[in-house]
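Report on one structure; see the data block that follows.
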Amino acid sequence: MIKNEKYSPKIKDELIELVNNINLILSYINTSSVTDMSGMFYGYKINDEIPF
């Protein structure tokens, strides 16, 4: 179970692992320490059906 806390990945691989977790609310991720996000979203399709 994911707690309602902030996550602060330091590198792109840590960020990708968090983003791929469907149980995590993306607003809980602080990306300010990740300096290289190059190619991170390459090949991803945008899902505009965001459930609220």
Side-chain angles (χ1 to χ4, degrees):
M1 183 171 160
I2 300 294
K3 298 178 183 176
N4 292 341
E5 59 186 55
K6 295 286 183 180
Y7 295 87
S8 297
K10 303 291 183 224
I11 59 173
K12 180 170 52 175
D13 290 338
E14 293 174 354
L15 177 57
I16 290 171
E17 184 177 337
L18 288 171
V19 169
N20 286 330
N21 183 339
I22 62 171
N23 297 312
L24 182 65
I25 298 171
L26 294 179
S27 64
Y28 293 159
I29 302 174
N30 176 355
T31 62
S32 64
S33 294
V34 180
T35 58
D36 176 15
M37 293 190 197
S38 62
M40 188 169 156
F41 299 105
Y42 180 79
Y44 280 82
K45 295 186 190 294
I46 296 173
N47 180 1
D48 59 2
E49 296 179 27
I50 300 172
F52 288 100

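All heavy atoms count here, side chains included; hydrogens, waters and symmetry mates do not.
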Taking atom [atom1] of [X] and atom [atom2] of [Y], what is their separation to the nearest 0.5 Å?
X     : Y     : atom1 : atom2 : result
Asp36 : Leu15 : CG    : CG    : 10.5 Å
Thr31 : Lys10 : OG1   : NZ    : 11.5 Å
Met40 : Asp13 : CE    : CG    : 9.5 Å

Q.
Looking at every heavy atom in both Ser33 and Pro9, which two are closest together, and how far apart are they?
A.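 In terms of heavy atoms, the two residues are closest at CB-O, 3.7 Å.
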
Q.
For residues Ile11 and Tyr7: do they belong to one hydrophobic cluster (side chain heavy atoms under 4.5 Å, members Ile, Leu, Val, Met, Phe, Trp, Tyr)?
A.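 Each belongs to a different hydrophobic cluster.
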
**Q.** Any Ser38 side-chain heavy atom under 4.5 Å of Lys12 side chain
**A.** yes

